[in-house]
Amino acid sequence: MNESMSGVAPVPSLPGPARPRPGAAAPSADGIRVLRGGGAAVVVHLRAEGLPEVLHWGRELGDLDAGDLDQLRLARSRPVSPSALDAPWPLTLLPDEPDGWEGRPAFAAHRGGRVEHPRWVVTELQADTGRLHIRAAAEGLSLETQLALDDAGVLRVGHELVNTADTPLALAALEAVLPVGDRVGEVLDFTGRWTRERSPQRRALAQGSHVRETRRGRTGHDAPYVLALGTPGFATDAGEVWAVHLAWSGDAVYRHDALPEAGPLLGAGPLLRPGEIDLAPGESFRAPTAVFVWSDRGTDGVGARLHESLRARPAHPREPRPVVLNTWEAVYFQHDLGRLASLAETAAAVGVERFVLDDGWFTGRRDDRAGLGDWTVDAEVWPDGLHPIVDKVRSLGMQFGLWFEPEMVNPDSDLARDHPDWLLQPLDAGIRAWRGQYVLNVAHPAAFEHLLNSISAIVYEYRLDYIKWDQNRDLIEAAHEGRATVHRHTEAVYHLMDRLRARHPALEIESCASGGARVDLGVLERTDRVWASDTNDPIERLAIQRWTELLLPLELIGSHIGPPVAHTTHRAASLDLRIATALFGSFGIEWDLTSCAPAELEQLRAGIACYRRLRGLLHTGRLSHPDTGDDGATATAVIADDRSRAVVRLARHTTADRALAPLLRVPGLDPRGRYRVAPVAELRTPRGLDEAPPPWLRDGLLLPGSVLAEVGVQPPLLAPGEALVLDLVRRPHG
């Protein structure tokens with residue numbers, strides 16, 4: 001494994017200010033560049049000295065000529081504040097003390113204890129409508145910064161630093177930071193725990209530099225996820241919001257600053273442990289990409305931009321997302337060919353398209369205390385290998401997938417016994433176990449090749465269509481030979497996924513980490529969906545998936561029907577609610593279907609038919625969360641791009657404070673179009689608590705989009721644990 005796979009890579013030494021490359025322009029004094037995309041704009045001031053500063057990030061400003069831009073620069077020029085620096089100072093793309101910035105620095109480093117305060121000079125510039133590539137130099141340093149604003153209005157910012165001196169550089173921070181509008185007054189980010197991921201928390205914007213750090217060695221159940229600053233009272237569909245997400249699966253920093261001498265800032269970057277990134281002469285460090293989004297339509301506007309951007313990726317899943325059956329909550333570790341074959345037959349009969357054999361298939365794996373690291377089929381349980389079950393699944397017309405946890409190792413495994421030096425945490429160091437497992441040092445070249453070849457051999461032999469890639473513990477005391485190594489380990493995991501996909505281009509990978517502890521755009525650059533949470537309790541899932549949807553479109557979010565009583569919360573839920581919840585996602589099942597009554601199987605078959613009919617809309621349409629006017633109920637709507645169709649789910653999780661449910665409104669439809677509104681045909685209409693339900697539920701309605709948006713329809717008074725799913729189809733004009 002070449003070290004260049006890591007964020008730290010050897011590059012040719014740069015002995016002085018770089019010469020412009022062919023096609024690049026040296027920056028002119030006080031030049032201005034405007035990036036445009038998706039109704040958003042970023043105006044960048046290229047100063048005669050120092051790094052550029054952003055004059056505006058937000059709404060498109062229209063056609064501005066050179067004179068307008070110059071006047072904009074003057075309009076944004078700073079005064080000299082009282083009791084402050086003697087001259088105006090810039091708020092640059094990498095704010096630091098030499099600029100005059102006294103908040104959290106975006107760059108921090110030292111050489112042998114001597115602090116670095118670079119005086120940057122821009123040496124090279126490349127620009128077009130949506131992209132700005134800047135190269136700058138300072139004594140002993142070179143910096144490349146790229147800003148790319150795509151057609152969805154999503155701005156990606158990346159920094160790469162090169163040590164051009166002949167002495168090592170200890171890097172402490174390299175973060176992407178942008179100014180936001182002065183009108184912001186509230187902060188939104190997220191926290192959570194296992195089986196309760198992405199819980200929103202909201203507060204007033206306060207003065208000072210405020211930082212959320214993740215130190216779990218993975219994204220984390222309590223990850224900030226998306227950090228947003230918004231105008232006071234911003235809502236799902238209203239208000240301006242500026243947001244950032246770090247496309248990274250390791251330790252991270254999310255930060256916002258509001259100092260007396262400057263407008264608010266928003267940013268994110270990798271959290272670097274002491275001594276973790278030491279750049280030798282000629283080495284470089286590339287920070288993970290920070291993804292910035294501005295919206296003038298509240299948080300749903302942020303989500304809409306992110307979803308459009310992700311769907312425009314060349315590698316975004318295009319094929320219909322198959323109905324999955326995962327065996328975990330059906331059999332757990334109790335693998336038996338006869339039982340699994342019967343499960344496969346039942347699954348195929350109700351419409352399942354992909355069968356995934358979860359944990360328990362490999363050598364020594366009878367519980368979660370042994371076997372991790374030994375990626376060979378257990379000959380005692382599977383004397384003929386996995387071929388009998390694979391052949392059975394394929395004969396039934398289904399794809400076959402398999403569970404792996406490549407980054408982890410049990411002490412009770414041949415790998416740990418034979419290669420203790422491959423472990424990231426030595427077993428004799430007193431480091432605490434987690435679920436009986438420790439972390440394999442994926443950045444170790446021999447360990448990396450072992451994993452690549454072992455997993456690849458299984459993929460080859462069984463022609464796997466799919467891997468569920470799990471990761472079930474935080475990284476504590478993650479150090480190799482005394483040096484912190486979370487960042488290198490994360491880069492190595494990415495590289496392992498990349499190499500595996502290069503060998504097997506058709507292979508799909510799901511990112512799972514104790515459920516939803518690795519949900520980020522870094523891992524999704526090389527995977528096809530995420531497992532949002534280990535809970536299949538639909539009440540919990542309604543909240544988890546609602547906020548997972550802020551970042552990800554439905555087709556990337558694994559959403560499964562579990563057993564009648566959830567194994568994580570012990571709560572019972574109807575099959576109606578479980579189907580309605582799983583419908584809005586990448587649909588699947590984790591349930592022993594052989595235990596189902598015929599009526600349950602028939603209802604499940606109908607739910608799968610509903611998903612298969614609607615997934616073309618669900619996985620391409622515009623997602624929104626209409627305000628229900630009721631804290632005990634949530635609504636989720638998906639509207640086709642051409643506004644010809646929509647599907648809406650109204651779900652109740654607690655009792656209502658009124659006997660008459662508030663009207664259900666559906667904004668975003670064609671106001672002049674007339675829509676047939678009725679419960680989806682395949683699912684059962686909930687009975688509700690009304691003595692007599694609204695009469696339109698029986699025969700449906702025909703209403704203009706303007707009426708549906710502004711007036712709405714009267715839904716039934718749902719009981720807690722009930723959901724109503726509606727089909728809306730526009731009638732032809734005329």
Side-chain angles (χ1 to χ4, degrees), residues 17 27-33 42-57 72-111 114-125 132-147 157-162 164 169 171-182 207-211 242 244 253 255-269 272 285 287 290 292:
S28 59
D30 292 328
I32 295 180
R33 297 291 187 274
V42 181
V43 181
V44 183
H45 176 205
L46 305 163
R47 301 162 51 245
E49 294 182 358
L51 292 175
E53 57 182 333
V54 172
L55 302 180
H56 170 76
W57 166 39
L72 171 60
R73 177 184 60 81
L74 289 173
R76 289 298 315 273
S77 58
R78 296 173 58 95
V80 176
S81 303
S83 186
L85 294 169
D86 292 338
W89 53 273
L91 191 58
T92 71
L93 286 171
L94 212 62
D96 194 4
E97 290 183 49
D99 299 321
W101 172 248
E102 295 177 279
R104 177 183 173 88
F107 167 83
H110 70 87
R111 295 183 191 274
R114 185 181 181 88
V115 66
E116 287 283 310
H117 284 313
R119 265 66 177 176
W120 298 105
V121 175
V122 175
T123 59
E124 188 177 311
L125 174 69
L132 185 62
H133 188 98
I134 302 157
R135 193 172 189 186
E139 184 178 353
L141 296 170
S142 176
L143 176 72
E144 293 199 34
T145 296
Q146 182 163 283
L147 289 78
V157 179
H159 295 301
E160 183 170 7
L161 184 75
V162 184
T164 60
L169 179 80
L171 184 64
L174 188 63
E175 297 166 8
V177 179
L178 290 178
V180 303
D182 277 334
Q207 289 286 301
S209 293
H210 297 264
V211 177
W242 289 260
V244 66
V253 169
R255 42 89 62 86
H256 63 87
D257 306 76
L259 301 188
E261 305 88 359
L265 296 185
L266 179 69
L272 305 179
F285 175 81
F292 292 89

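It should be emphasised that the depicted structure is a prediction, and the values quoted were computed from it without experimental measurement.
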Separation between CG (Leu143) and OG1 (Thr164), nearest 0.5 Å, reads 11.0 Å

I need the Leu94 CG to Glu175 CD distance, nearest 0.5 Å.
9.0 Å

For residues Pro264 and Asp257, determine if any side-chain heavy atom of one lies less than 4.5 Å from a side-chain heavy atom of the other.
no

Nearest non-hydrogen partners of [X] and [Y], listed with the distance:
| X | Y | result |
| --- | --- | --- |
| Leu171 | Ala108 | CD1-O, 3.5 Å |
| Leu85 | Gly100 | CD1-CA, 3.6 Å |
| Leu272 | Ala173 | CD1-N, 4.1 Å |
| Leu161 | Leu174 | CB-CD2, 4.1 Å |
| Ala290 | Val244 | CB-CG2, 4.3 Å |
| Ala138 | Pro118 | CB-CB, 3.6 Å |

Keeping the roles fixed (side chain from [X], backbone from [Y]), state whether a donor-acceptor pair exists under 3.5 Å.
| X | Y | answer |
| --- | --- | --- |
| Arg119 | His117 | yes |
| Thr145 | Ile134 | no |
| Arg47 | Leu51 | yes |

Set out, in order, the CA-CA distance, both residues' side-chain angles and the distance that settles side-chain contact (heavy atoms from CB on, under 4.5 Å) for Ile32 and Leu72, then state yes or no.
CA-CA 10 Å; Ile32 295 180; Leu72 171 60; 5.6 Å; no

Could you give me the CA-CA distance, side-chain angles and deciding distance for Leu266 and Leu178, then say whether side-chain contact (heavy atoms from CB on, under 4.5 Å) is met?
CA-CA 6 Å; Leu266 179 69; Leu178 290 178; 5.8 Å; no

Under the side-chain contact (heavy atoms from CB on, under 4.5 Å) test, residues paired with [X] that sit two or more places apart:
| X | result |
| --- | --- |
| Val211 | Arg104, Glu213, Val253, Arg255 |
| Leu259 | Trp101, Ser209, Glu261 |
| Arg111 | Glu116, Leu141, Asn163, Ala165, Thr167, Leu169 |

What residues, two or more places apart in sequence or in another chain, satisfy ring pair (Phe, Tyr, Trp, His ring centres under 6.0 Å) together with Phe292?
Trp57

Would you please name every residue forming a ring pair (Phe, Tyr, Trp, His ring centres under 6.0 Å) with His256, sequence neighbours left out?
His210

What's the verdict on side-chain contact (heavy atoms from CB on, under 4.5 Å) for Leu91 and Val54, showing C-alpha distance, side-chain angles and the deciding distance?
CA-CA 8 Å; Leu91 191 58; Val54 172; over 6 Å; no

Name all pairs fulfilling the side chain to side chain donor-acceptor pair (under 3.5 Å) condition that reach into residues 83-98, sequence neighbours left out, sorted by first residue then second.
Thr92-Asp99

Counting only heavy atoms not in Gln207, do more than 12 fall under 6.0 Å of its CD?
yes

With a 6.0 Å cut-off (strictly less than), is the heavy-atom count around CD of Gln146, excluding the residue itself, greater than 12?
yes

Under the side-chain contact (heavy atoms from CB on, under 4.5 Å) criterion, do Leu46 and Val122 qualify, and how do the steps go?
CA-CA 8 Å; Leu46 305 163; Val122 175; 5.8 Å; no

